[in-house]
Amino acid sequence: MKFNTKTIHGGQSPDKAFGSVMPPIYQTSTYAQTTPGGHKGYEYSRTHNPTRNALENSFASIENGNYGLAFGSGLAAIDAVIKLLSPGDEVISTNDLYGGTYRLFTKVFEKFNIKFHFVGMENIKHIESCINSKTKLIWVETPTNPMLNIIDIKAVSNIAKKHNILLSVDNTFATPYLQKPLDLGADIVMHSATKYLGGHSDVVMGALVVKDKDLADQLYFIQNASGAVCGPQDSFLVLRGIKTLHVRMQRHCENGLLVATFLESHPMVEKVYWPGLKTHPNYSIAATQMKDFGGMLSFTTKGNNFIEAIKVVERLKVFTLAESLGGVESLAGHPASMTHASIPKQEREKTGVVDSLIRLSVGIEDADDLIADLKQALEG
Ligand code: P1T
């Protein structure tokens with residue numbers, strides 16, 4: 001099956017009870033047994049649930065993996081990956097990444113003696129210089145949140161394989177419509193399914209997909225043992241969302257291009273970060289690795305003034321000022337005071353998260369309305 005068919009049919013079959021085309025929302029915590037152990041494959045919904053399983057099969061299919069796992073949030077999915085490690089192990093991570101991921105790594109797992117190195121992975125050499133015998137995982141987010149840096153997954157995978165290190169890629173911004181990390185050599189692909197996979201800003205959820213059976217078994221064990229699973233209603237909603245992923249992504253990319261081009265030519269805009277612009281420093285990797293360039297972009301305003309940037313986002317009317325991204329509606333955020341406030345100012349500025357940075361999740365509305373809204377907000 002090709003991707004646009006997999007989003008609708010991948011891993012799916014009509015429900016066994018009445019042939020319903022969409023899986024029923026099996027809103028149950030437990031399953032009747034005829035004798036201890038005498039059940040139909042389902043014992044308890046933390047371990048397995050048919051609606052969640054249908055979604056997990058879809059995750060595996062669209063990412064070209066063999067095993068999918070759904071969690072109660074993107075961070076719960078990341079938490080499960082780090083729990084593969086032991087005290088003393090080291091992780092090399094992208095330095096520009098979602099603030100909550102940074103917080104989980106530094107505030108939760110460093111306490112358990114896992115060491116994180118945050119490096120700019122646009123230059124692959126930075127990774128090799130951190131590798132030692134304790135390095136067990138490379139964590140890549142690409143495009144990065146919020147600077148839209150692009151990391152060459154294949155090149156990182158070659159290094160990871162050479163040193164026998166696991167490679168995990170956060171594919172939230174790109175989605176498998178744009179890039180498939182497992183095909184490029186990653187071991188684990190992770191999503192905040194809250195974003196483009198769900199697509200409608202109505203669910204918080206996380207996903208992991210792997211190819212390898214042993215790795216899948218370890219992760220299923222953690223999923224069940226730690227218990228950060230999602231419910232059947234949310235599983236249903238994300239499964240429904242995935243069925244239109246390809247058409248939504250196509251429009252997100254078209255609108256992303258129009259908005260980025262408008263901002264680039266606006267006299268009050270200093271810099272636009274969108275991987276589809278030829279001026280983007282990682283444009284050539286993006287053009288090779290990704291099918292198109294997505295709907296996420298960031299920009300700074302001239303003068304780099306914190307208060308001015310806040311005024312711009314307050315004036316927006318079609319874009320909603322809100323955390324999160326990847327839904328059909330356009331959202332705007334001010335990373336320094338919102339999504340990335342948990343990263344110290346000195347640290348965030350090193351990666352470009354300056355006071356005037358504004359992040360846009362360009363939705364699938366009419367691009368003319370989005371551009372008019374940005375124009376009035378910039379010009380006050
Ligand atoms: O919010 P949650 O579903 O737990 O996912 C965390 C997460 C992980 N990875 C990336 C790249 C993300 O963007 C996120 C969540 N991000 C936001 C809420 C945000 O506004 O950037």
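Atoms within a ligand are numbered from 1 in the order they appear, just like the ligands themselves. The shown structure was predicted, so the numbers you read here are calculated from the model rather than taken from an experiment.
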**Report entry** Nearest-contact summary for atom 5 (O) of ligand 1 - protein heavy atom, Å
**Finding:** S192 OG, 3.0 Å

Query raised in the report: For atom 18 (C) of ligand 1, what's the nearest protein heavy atom and its distance?
Result: K195 NZ, 3.4 Å

**Report entry** Salt bridge flag under 4.0 Å for residues E308 and K311
**Finding:** yes

Query raised in the report: Going by distance only, is there an N or O of M190 that falls short of 3.5 Å from an N or O of ligand 1?
Result: no

Query - V204 N/O under 3.5 Å from ligand 1 N/O - result: no

Query raised in the report: In chain order, what residues pass the ring pair (Phe, Tyr, Trp, His ring centres under 6.0 Å) check against Y283, with sequence neighbours excluded?
Result: F293

**Report entry** Pair S192, K195: side-chain N/O donor-acceptor within cut-off below 3.5 Å
**Finding:** yes

Query raised in the report: Among side-chain atoms of Y42 and N53, is any donor-acceptor pair under 3.5 angstrom?
Result: yes

Requested in this report: Within a distance under 4.0 Å of any heavy atom of D170, pick out the atoms of ligand 1 and give their elements.
Outcome: 8 (C), 9 (N), 10 (C), 11 (C)

**Report entry** Under the ring pair (Phe, Tyr, Trp, His ring centres under 6.0 Å) test, residues paired with Y102 that sit two or more places apart
**Finding:** F118

Report task. Name the closest protein heavy atom to atom 6 (C) of ligand 1, giving the residue it belongs to and the distance to 0.1 Å. Result -> Y98 CE2, 3.5 Å

**Report entry** Any side-chain donor near an acceptor of the partner, K6 and N64, under 3.5 Å
**Finding:** yes

Query raised in the report: Does any N/O atom on N145 come nearer than 3.5 Å to any N/O atom on ligand 1?
Result: yes

Report task. Distance to 0.1 Å, residue and atom name: give those for the protein heavy atom nearest to atom 3 (O) of ligand 1. Result -> T194 OG1, 2.7 Å

Query - S73 neighbourhood, listing ligand 1 atoms whose heavy-atom distance to it stays under 4.0 Å - result: 3 (O), 4 (O)

Query raised in the report: Under 4.0 Å from any heavy atom of M205, which atoms of ligand 1 are there?
Result: 3 (O)

Query raised in the report: Do E90 and N132 have side-chain atoms, one donor and one acceptor, less than 3.5 Å apart?
Result: yes

Query raised in the report: Which protein heavy atom lies closest to atom 21 (O) of ligand 1, and at what distance to 0.1 Å?
Result: R359 NH1, 2.7 Å

Query raised in the report: Between S201 and E329, does any side-chain donor sit less than 3.5 Å from a side-chain acceptor?
Result: yes

Requested in this report: Look at the aromatic rings of F306 and H334 and report parallel, tilted or perpendicular, splitting at 30° and 60°.
Outcome: perpendicular

**Report entry** ligand 1 contacted by S324 (non-hydrogen, < 4.0 Å)
**Finding:** yes

**Report entry** For T339, atoms of ligand 1 separated by under 4.0 Å from a heavy atom
**Finding:** 19 (C), 20 (O), 21 (O)

**Report entry** Proximity of L97 to ligand 1 by residue part, where a heavy atom lies under 4.0 Å
**Finding:** neither

